[in-house]
Amino acid sequence: MPSALPDGEPVPADGALPAHALAGAADRPLGFYLHVPYCATRCGYCDFNTYTATELRGTGGVLASRDNYADTLADEIRLARKVLGDDPREVRTVFVGGGTPTLLAADDLVRMLAVIRDEFGLAPDAEVTTEANPESVDPAYLTTLREGGFNRISFGMQSAKKHVLKVLDRTHTPGRPEACVAEARAAGFEHVNLDLIYGTPGESDDDWRASLEAALGAGPDHVSAYALIVEEGTQLARRIRRGEVPMTDDDVHADRYLIAEELLSRAGFDWYEVSNWATSEAGRCLHNELYWRGADWWGAGPGAHSHVGGVRWWNVKHPGAYAAALADGRSPGAGRELLTDEDRRVERILLELRLREGVPLSLLKEEGSAASRRALAEGLLQEDPYEEGRAVLTLRGRLLADAVVRDLVD
């Protein structure tokens, strides 16, 4: 089941933000994340805030229905307009995620985007992305999205091997994600991503190479590759605990990452974030870069998180409770936190160190600076950027990124 929300102070009923959060907003990019919390089935490794029809039955009534979800989400976008007041920014990025956004009709996704355009305006070069399940789209669906303003799409491929997909409880057919790339290109999508997962129990090095080669053969301009994280409370965690499938260890994850770097770089992909590769700067996911650089974004939908000017908040998780709040004219926010300068310094290090450009050494305190010198000596940070005042991970440093970050934030 979905993981729990963090604790925090109450969100005002009207969603109002403190004045300092909006100060200087015009100088920061603004993005929107739209969460679609529906899935046809629950994947065994997933603890995202998503719900199948069976899980929703009897718990949310008509308010939790997929049929009227686009209208409900539009209400929160209009609330965002009220909260942000006369904020002059056009929206730089929109990302529709889930769940499975493409369980909604393509016209619904287009209508949600249209509300953002009407309320805020879209920047001329705005990036507009949706995630998609390969089995839930066809050429007509993709054409409707493209004509409606979407210009980037991300397909959940995970693996090219049927036995790996079975362990993950993924329902698509091997080969279908690759076909989707061709269909998206034909529909006019300029940027296409394939998501991959490595380290699934029962996956071999050869399986992983085959998945990478299949992904590259499809011709995307972006690939995301994530190590499988076994979350407590998921079906996969229960299967591992019962001894039905083995747990993959960190050494295997490291080996798989090195395979990914080798094959992707050979094919002309450059890493720009620890888990993300693109064929060009234009192919990067600008929306995710908003997160990694601490910019402003409004997350609309059940359980969605937002950040504006050092204020972070999150919505109630259940679709029924979310819709009820908006129907009553209330913010669906469940809690929020006001980030201190120290909070924001630490978060910059945590997030920006994962980027190819790295993090300014000026953000480090005394112990963190000493740790950076040790990391440099151990080959975890690149020498030339360090001399120029930035901490940038080497390939070995990327394998140990979490440990390096822990040392640098002290």
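Side chains are part of it too, since the values below use all heavy atoms of this structure and drop only hydrogens, waters and symmetry mates. Because the structure is a prediction, the values reported are computed rather than measured.
At a threshold of 4.0 Å, the pair R374-E378 does not count as salt-bridged, since none of the basic side-chain nitrogens sits closer than that to a carboxylate oxygen. Taking a cutoff of 4.0 Å between a charged side-chain nitrogen and a carboxylate oxygen, R256 and E261 do not qualify as a salt bridge. A salt bridge links E357 with R284: the distance from a Lys NZ or Arg NE/NH1/NH2 to an Asp or Glu carboxylate oxygen falls below 4.0 Å. Ion pairing of R344 with D341 is absent here, as no side-chain N (NZ or NE/NH1/NH2) approaches a carboxylate O to less than 4.0 Å. A salt bridge is defined here as a Lys NZ or Arg NE, NH1 or NH2 lying under 4.0 Å from an Asp or Glu carboxylate O, and D71 with R111 meets this definition.
The NE2 atom of H307 lies 7.0 Å from the CZ atom of R312; values are rounded to the nearest 0.5 Å. Once rounded to the nearest 0.5 Å, the distance linking CG of L103 with OG of S136 reads 5.5 Å. Distance check, rounded to the nearest 0.5 Å: CG of L196 to CG of L212 gives 6.0 Å. Taken to the nearest 0.5 Å, the CZ atom of F32 stands 10.0 Å off from the OG1 atom of T93.
Side-chain contact check for N315 and E76: at least one donor-acceptor pair (N or O, by modelled atom type) lies under 3.5 Å. Y226 and H253 share no donor-acceptor pair across their side chains, judged by distance under 3.5 Å alone.
Below 30°, between 30° and 60°, or above 60°: for Y291 and W297 the angle between ring planes is above 60°, a perpendicular geometry. Aromatic ring pairs are classed by plane angle as parallel below 30°, tilted from 30° to 60° and perpendicular above 60°; the pair H35 and Y33 is tilted.
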Pairs of donor and acceptor atoms involving the side chains of residues 401-410, under 3.5 Å and at least two apart or interchain, shall be tabulated with distances.
none

